[in-house]
Amino acid sequence: MGHHIVFLGPPGAGKGTHARRLGERFRLPHIATGDLLRSSIRNGTTAGKQARTFVESGKLVPDRLIVQMIKERFEHPDVASGFILDGFPRTVEQAEALDEILARDKKQIDLVIDFRASEETLIERLSGRRTCPRCDANYHVRNIPTRREGICDGCGSDLVERQDDRLETVRARLKVYGVETKPLSEYYERRKLLRTVDGNLGIEELQEKLVEYLERNDLA
Ligand code: AMP
């Protein structure tokens, strides 16, 4: 199996946490469009300025902006042997654009992991989430505590609560997911690329299953 992997699923289902760990384990770049956008916003780039109000209100940024961002990211040599995409694609248009970009290099998506979780789980996770603004690590006040309260284990920065993790915005994001992103499951199912996993599981249990699955499918 090739190593071009997409993580699909609603916010809070565990895509970021698992993509980060698996990326380290299998030496694949973890590419999270949400992280790229937040960093552009922090740095005040043109793309960041265009994206800001969408991100803060929980709406999707326009497809052309995000597709351009991914194209630029793919110019980096670290994607030569594959990647784990986290949070992209999020619309059918983006998925089609991604197929086209890869086809130009005679590549294709090899596997899509679809994280499913109950709304209760998602809201509990997002409302307790804390994020490192410097290295993008995610924690949770109860489920993934830091060694020192409020401080990132990895880089020592002060953690923040993402503005879009507030309850009203979380509800908007879940709605957007249902309307715009959920149809992608079918898009990839039709291509026989989809593998569904239970995002309600605890991190260690699901991580073990994912590692086992990827190793069995020759990723290691
Ligand atoms: P995330 O960190 O994946 O939850 O993304 C945070 C926010 O960034 C989303 O609510 C969107 O506003 C924006 N975003 C991230 N990825 C995409 C994408 N592929 N398409 C459109 N908007 C995106």
Side-chain angles (χ1 to χ4, degrees), residues 4-20 23 29-43 45 47-74 83-102 109 112-115 117 119 121-140 144 159-185 187-188 199:
H4 302 89
I5 303 170
V6 168
F7 277 14
L8 205 62
K15 302 185 300 297
T17 300
H18 289 288
R20 201 178 168 100
H30 163 215
I31 302 178
T33 40
D35 290 347
L36 296 177
L37 285 167
R38 279 183 292 278
S39 131
S40 313
I41 293 171
R42 270 198 307 277
N43 296 328
T45 66
K49 284 182 187 136
Q50 288 168 348
R52 183 174 198 136
T53 49
F54 295 99
V55 174
E56 287 178 355
S57 60
K59 299 200 178 97
L60 294 186
V61 309
D63 288 332
R64 56 169 176 72
L65 196 155
I66 203 84
V67 168
Q68 182 56 31
M69 196 166 247
I70 276 289
K71 273 190 191 153
E72 283 166 23
R73 180 61 184 80
F74 280 2
F83 48 63
I84 302 178
L85 290 180
D86 160 15
F88 180 91
R90 256 174 158 104
T91 64
V92 172
E93 288 73 16
Q94 292 178 17
E96 287 169 352
L98 175 62
D99 287 342
E100 255 178 63
I101 297 168
L102 292 174
I109 294 299
V112 179
I113 298 193
D114 197 7
F115 289 69
E119 189 160 314
T121 300
L122 301 174
I123 290 180
E124 194 268 334
R125 293 213 184 124
L126 295 169
S127 59
R129 176 153 80 177
R130 297 293 179 272
T131 302
C132 177
R134 181 139 153 240
C135 71
D136 296 310
N138 282 324
Y139 300 90
H140 186 279
I144 321 176
L159 300 181
V160 297
E161 194 175 350
R162 272 170 54 177
Q163 193 175 334
D164 61 343
D165 279 346
R166 287 178 314 187
L167 195 58
E168 324 83 79
T169 320
V170 162
R171 291 199 196 285
R173 287 162 66 205
L174 293 177
K175 213 164 161 187
V176 167
Y177 163 78
V179 176
E180 310 252 21
T181 310
K182 214 152 172 241
L184 280 182
S185 302
Y187 179 91
Y188 287 119

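For ligands, and for the atoms within them, numbers begin at 1 and follow the listed sequence. Keep in mind that the numbers below use all heavy atoms, side chains included, and drop hydrogens, waters and symmetry copies.
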Asks: For Gly87, is at least one N or O under 3.5 Å away from an N or O on ligand 1?
Replies: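 The answer is yes, given that Gly87 and ligand 1 share an N or O pair closer than 3.5 Å.
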
Asks: Show me which atoms of ligand 1 lie under 4.0 Å from any heavy atom of Arg162.
Replies: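 It comes down to these atoms of ligand 1: 1 (P), 2 (O), 4 (O), 6 (C).
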
Asks: A quick test of your reading: do over 12 heavy atoms of other residues, nucleotides or ligands sit less than 6.0 Å from CD of Glu119?
Replies: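 No - once you tally the heavy atoms of other residues, nucleotides and ligands closer than 6.0 Å, there are 12 at most.
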
Asks: Looking at Pro10 and Leu174, what are the two nearest heavy atoms and their distance?
Replies: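 It is CB-CD2, 4.2 Å.
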
Asks: Answer side chain, backbone, both or neither: which part of Ile66 comes under 4.0 Å from ligand 1, heavy atoms only.
Replies: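 Just the side chain.
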
Asks: Report yes if Lys59 has an N/O atom closer than 3.5 Å to an N/O atom of ligand 1; otherwise report no.
Replies: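 For ligand 1, there is an N or O atom that lies under 3.5 Å from one belonging to Lys59.
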
Asks: CZ of Arg134: more than 12 outside heavy atoms within 6.0 angstrom?
Replies: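 Not more than 12 within 6.0 Å, no.
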
Asks: Answer yes or no: is there a donor N or O on one side and an acceptor on the other, between the side chain of Arg166 and the main chain of Gln163, under 3.5 Å?
Replies: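 Answer holds: yes.
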
Asks: I'd like the name of whichever of Leu37, Val176, Leu126 reaches closest to atom 13 (C) of ligand 1 through any heavy atom.
Replies: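 Among Leu37, Val176, Leu126, the closest heavy atom to atom 13 (C) of ligand 1 comes from Leu37.
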
Asks: How close does the nearest protein non-hydrogen atom get to atom 10 (O) of ligand 1, and which residue and atom is it?
Replies: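 Atom 10 (O) of ligand 1 sits closest to the protein heavy atom Arg173 NE, 4.0 Å.
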
Asks: Check this for me - ligand 1, Asp164, N or O atoms closer than 3.5 angstrom, yes or no?
Replies: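 There is no such contact.
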
Asks: Looking at Arg64, I'd like to know if its CZ atom is crowded, meaning that more than 12 non-hydrogen atoms belonging to other residues, nucleotides or ligands lie closer than 6.0 Å.
Replies: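 Result for CZ/Arg64: open.
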
Asks: Under 4.0 Å between a side-chain nitrogen and a carboxylate oxygen: does that hold for Asp165 and Arg173?
Replies: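 Looking at Arg173 together with Asp165, the answer is yes, because their closest N to O distance falls below 4.0 Å.
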
Asks: Can a donor-acceptor pair be found, under 3.5 Å and without considering hydrogens, that links the side chain of Lys15 to the backbone of Leu85?
Replies: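 Not a single qualifying donor-acceptor pair exists.
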
Asks: Any non-hydrogen atom of Lys15 lying under 4.0 Å from ligand 1?
Replies: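 Lys15 does not count as a contact of ligand 1 under the 4.0 Å cut-off.
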
Asks: Using heavy-atom distances, let me know which of Arg52, Arg90, Met69 sits nearest atom 18 (C) of ligand 1.
Replies: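 The residue whose heavy atom sits nearest atom 18 (C) of ligand 1 is Arg90.
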
Asks: Would you mind running through ligand 1 and noting each atom that sits below 4.0 Å from a heavy atom of Gln94?
Replies: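 Those qualifying, in numeric order: 18 (C), 19 (N), 20 (N), 21 (C).
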
Asks: Would you tell me which option among Val55, Val61, Asp136 has the nearest heavy-atom contact to atom 7 (C) of ligand 1?
Replies: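 The option holding the nearest heavy atom is Val55.
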
Asks: Fit a plane to each ring of His4 and Phe83, take the angle between them on a 0 to 90° scale, and name the class: parallel (under 30°), tilted (30 to 60°) or perpendicular (over 60°).
Replies: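 Because their plane-to-plane angle is over 60°, the rings of His4 and Phe83 count as perpendicular.
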
Asks: Pull out every atom of ligand 1 sitting under 4.0 Å from any heavy atom of Thr33, numbered as shown with elements.
Replies: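 By the 4.0 Å cutoff, the relevant atoms are 15 (C), 16 (N), 17 (C), 19 (N).
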
